[in-house]
Every structure is written in structure tokens, then in C-alpha cells.
Amino acid sequence: MEEPSQPDRPPSAGPAIHVQWITGAAHAAELEPLIGTLAASLAPRTGEARVRVVDDAEMATAHERYRDIPGTTDVLTFDLTDDPNQPLDADVLVCIDEAERQANERGIPAAHELLLYITHAILHCSGYNDDTEAAAAAMHAREDELLTAIGIGPVYATNEAEPASCTAS
């Protein structure tokens, strides 16, 4: 028996991912189509993630405010449901300055690095964690699997010797 689909979304659609460009909008044209493809690859998960692209200064302020850690970071995730079985409801901050630094070191487009951060945040909201070496390996493998499936290839694995730090809450 087929499950009924939501009336305003195709049955294969994943969660809605909305990006607000506070800074770094030059990468929007490259990132936006990838966001839709990523969302579809997360089906049957539904719900919404609101992503805000910020600079180092805003990220450092948020990092200290919400995690009590001084300095910038790549991504902060705020899972508003804390239940991976419920529709996604998350607010995410991603740092364009950190994405550009990491992308330059890895020799990849900054938009791909940003997409890694967004994928990482959504996986945190989907029950993945990176608090142990084994859990982090599983999470990063899933990130690269999703990013490969949407046509950009592995991003995290491009520089495993010095990976980007990831902070989620």
C-alpha cells in the first residue's frame, strides 16, 4: 500500500532547505541548485532547515554565546526537535570565511564546502553524531556518500590529514 504524499510536495522530495545569505552571496548561484538536489536525496525525510550564511565575526559571536567557546567555527546546528523520527526542524549557521579557507586548502569550490557543512548539520539532526572516532567516521562517510550521490563527490575525504573542525549543538 502506498503512503499518501503531501499535497504541495512531490513524493520523492526531501526536507526544504532555505538559505539566507548574510555574506558570501557570490557562491549562491553555485550552491542553490545543489541544495535542492541534496534535499531530494534526503527523502523520505520531510521538514525544514533554515541555513544562515555568516562571516567569521558573526560566527565567533554565536560560537561563544551558544557553546561558550571563543573564536569562529564552521557550522553550528540547532535541532529544534531533538527527535530524528520527526520532521526536520533546524536552524543552522555556516561560516563562509571558514568555508573559503578550507576550500582553498582542499582545492575545491567554497560552495561544495558550504554544502558539506549543511549536510553535516542535517545528519546531526538525523541521529548521526561525531563524538567518538567511530561515530565521526560513520558520519563523514555518510556525508561523502550523499555528496557523491548528488554529483559533487566526496568533500570531507579530500583532506583527511587535516579535516575541518565541526561543531554542532
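All values derive from a computational prediction rather than experimental measurement. Sequential numbering from 1 along the given sequence is applied to the chain's residues.
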* Ile122 and Leu42: CA distance, side-chain angles, deciding distance, side-chain contact (heavy atoms from CB on, under 4.5 Å) verdict -> CA-CA 9 Å; Ile122 291 172; Leu42 294 167; 3.7 Å; yes

* To do: Report the C-alpha separation of Leu147 and Val155 in whole Å, then their side-chain angles, then the decisive distance to 0.1 Å, and conclude whether the side-chain contact (heavy atoms from CB on, under 4.5 Å) test is met.
  => CA-CA 7 Å; Leu147 296 173; Val155 175; 3.7 Å; yes

* Would you sort out whether Glu143 and Leu123 count as a side-chain contact (heavy atoms from CB on, under 4.5 Å), showing the intermediate values? => CA-CA 8 Å; Glu143 290 165 356; Leu123 288 179; 3.6 Å; yes

* Let me see the working for Val19 and Glu32 under side-chain contact (heavy atoms from CB on, under 4.5 Å), right down to the final yes or no. => CA-CA 8 Å; Val19 178; Glu32 293 297 338; 3.7 Å; yes

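Separation of atoms OG1 (Thr37) and CD1 (Ile150) is listed at 6.0 Å; rounding is to 0.5 Å. Rounded to the nearest 0.5 Å, atoms CD (Glu105) and CD (Glu113) are 9.5 Å apart. Once rounded to the nearest 0.5 Å, the distance linking CG of Leu88 with OG of Ser126 reads 6.5 Å. The OG1 atom of Thr119 sits 4.0 Å away from the CG atom of Leu38 when rounded to the nearest 0.5 Å. The distance from the CG atom of Leu146 to the CG atom of Leu115 is 9.5 Å, given to the nearest 0.5 Å. Taking CE of Met59 as the reference point, atom CG of Asp55 lies at 9.5 Å (rounded to 0.5 Å).
Remark: Arg106 qualifies as a cation-pi partner of Tyr156 under the 6.0 Å distance and 45° angle criteria applied to the six-membered ring.
Heavy atoms only, all atoms of each residue included: Tyr117 and Gln102 are closest at OH-CG, 3.6 Å. The heavy-atom pair separating Ala110 from Ala99 by the smallest distance is O-CB, 4.3 Å. Taking all atoms of both residues into account, the shortest heavy-atom contact from Asp83 to Arg45 is O-NH2, 4.2 Å. When every heavy atom of Pro33 is checked against every heavy atom of Ala28, the shortest pair comes out as CD-O, 4.4 Å.
Residues Ile118 and Val94 are in side-chain contact: their nearest non-hydrogen atoms beyond the backbone lie under 4.5 Å apart. Considering only heavy atoms from C-beta on, Leu76 stays 4.5 Å or farther from Val92 through its side chain. Counting only heavy atoms from C-beta outward, the side chains of Glu58 and Ile96 never approach each other to under 4.5 Å. Side chains of His120 and Tyr128 form no contact here, defined as non-hydrogen atoms less than 4.5 Å apart. At least one side-chain heavy atom of Leu34 sits less than 4.5 Å from a side-chain heavy atom of His112. Using a 4.5 Å heavy-atom threshold, the side chains of Arg52 and Asp91 count as separate. Between Cys95 and Asp56 the shortest side-chain heavy-atom distance falls below 4.5 Å. The closest side-chain heavy-atom distance from Glu48 to Pro15 is not below 4.5 Å.
Environment of CG in Asp68: sparse, with no more than 12 heavy atoms of neighbouring residues, nucleotides or ligands closer than 6.0 Å.
Counting only distance, with no hydrogens or angles, the side chain of His18 and the backbone of Arg50 share no donor-acceptor pair below 3.5 Å.
Side chain to side chain, Thr77 and Asp79 fail the donor-acceptor criterion of an N or O pair below 3.5 Å. Between His140 and Asp130, the side chains place no donor N or O within less than 3.5 Å of an acceptor N or O (distance only, hydrogens not considered).
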